[in-house]
Amino acid sequence: MGDGEFFCPGCGGDRNFQRLTGHRRFTLLGVPVLPRGETGPVVECAACRRHFGTDALDHPTTTRFSAMLRDAVHTVALAILSAGGTCSRTSLEAAAATVRAAGFDDCTEEQLNALVEALALDTGRVYGRPCGTGLAIELHEALDPLAPHLAPAGRESILLQGARIALADGPYTPAERDVLSTVGAALTICADDVTRLLVSARTPS
């Protein structure tokens, strides 16, 4: 029925697959003689030949997951800066370091600053304002597909990275708290845990 690449639960890595369907037959002495109806589609791994339900295709490949994680961190960093951190060089430096660590190796403070300014011009966004509808949508688009595939510690890590960018130039502003609350909600972190994590981010390790 089709083919492509998926994350094989049996092999534990990215593999090619074929999506198959077929018919069940009653066999006599190993010879199929009577049809017993159709069988539902399955996914067959080209490497281990094991069969899985089609829900296995819902799990992103390692390559796709890495890209989703990188884009999520980049979006969170831009959202925090848009909430008011662009005036501070320390916030830009913290954001650029975080984005580089996530996979955008060539990211610079100047590039992030230019992106935030371009976003503000395009949307009419004002620095320091609470998280508007447009920004909330951007965060949910980046984080909603990723959240189900992250362990709790992974979801918390993304929120903490955003919190550290916000704290780079001083205490949280109301707008930064609003953005971080939106990030937490998109990552399915409950409000109490968001509060706990924002407090822990302020505590020197």
### Query
Could E44 and R50 be called an ion pair, given the rule that one side-chain N must be under 4.0 Å from one carboxylate O?
no

### Task
Report the C-alpha separation of L198 and R177 in whole Å, then their side-chain angles, then the decisive distance to 0.1 Å, and conclude whether the side chain to side chain contact (heavy atoms under 4.5 Å, CB included) test is met.
CA-CA 9 Å; L198 296 189; R177 280 188 174 276; 3.9 Å; yes

### Query
Hey, is the main chain of A114 close enough, under 3.5 Å, to the side chain of E117 for a donor-acceptor pair?
no

### Query
Can a donor-acceptor pair be found between the side chains of T90 and D169 at a distance below 3.5 Å?
no

### Pairing residues for E141 by the salt bridge (charged side-chain N to carboxylate O under 4.0 Å, His left out) criterion, not counting sequence neighbours
none

### Query
So which of D193, L143, V183 actually passes side chain to side chain contact (heavy atoms under 4.5 Å, CB included) with L159?
V183

#### Entry: For A185 against H140, the heavy-atom pair lying closest together
C-CE1, 4.5 Å

#### Entry: R196 vs E156, side chain to side chain contact (heavy atoms under 4.5 Å, CB included): CA-CA, chis, key distance, verdict
CA-CA 11 Å; R196 172 181 58 81; E156 292 181 359; 3.3 Å; yes

### Non-hydrogen atoms of V76 and G162 that approach each other most closely
CG1-CA, 3.9 Å

#### Entry: Side-chain touch L78/V99, heavy atoms, less than 4.5 angstrom
no

### Query
Do H74 and L115 come close enough that some side-chain heavy atom pair is under 4.5 Å?
yes

### Message
When you measure from the side chain of S157 to the backbone of G154, do you find a donor-acceptor pair of N or O atoms at a distance under 3.5 Å?
### Response
no

### Summary
dist L69:CG -> L150:CG (nearest 0.5 Å) comes out at 6.5 Å

### Expected output: side-chain S66 to main-chain T62 donor-acceptor under 3.5 Å
yes

### Task
Search all heavy atoms of V179 against all heavy atoms of A79 and return the closest pair with its distance.
CG1-CB, 3.7 Å

### Query
Got L57 and F7 here, is their nearest side-chain heavy-atom distance under 4.5 Å?
no

### Query
Between D144 and L187, is any pair of side-chain heavy atoms under 4.5 Å apart?
no

### Message
Can you confirm whether F52 sits close enough to F6 that some side-chain heavy atom of one is under 4.5 Å from a side-chain heavy atom of the other?
### Response
yes

### Query
Is any side-chain heavy atom of T21 less than 4.5 Å from a side-chain heavy atom of V42?
no

### Query
Any donor-acceptor pair under 3.5 Å linking the side chain of R19 with the backbone of V43?
no

### Query
Do you know the tightest heavy-atom contact between L160 and A201?
CD2-CB, 3.9 Å

### Considering all heavy atoms, the nearest C45-C8 contact
SG-SG, 3.7 Å

### Message
Before you tell me yes or no, could you show the steps for Q161 and T98 under side chain to side chain contact (heavy atoms under 4.5 Å, CB included), namely the whole-Å CA-CA distance, both residues' side-chain angles and the distance that decides it to 0.1 Å?
### Response
CA-CA 7 Å; Q161 288 177 68; T98 299; 3.1 Å; yes

### Query
Heavy-atom distance under 4.5 Å between the side chains of R100 and D105, does that happen here?
no

### Task
Before giving the answer on side chain to side chain contact (heavy atoms under 4.5 Å, CB included), spell out for T61 and R15 the whole-Å C-alpha distance, their side-chain angles and the decisive distance to 0.1 Å.
CA-CA 9 Å; T61 63; R15 301 289 186 267; over 6 Å; no

### Query
Is there a side-chain contact between E109 and R89, using heavy atoms and a 4.5 Å cut-off?
yes

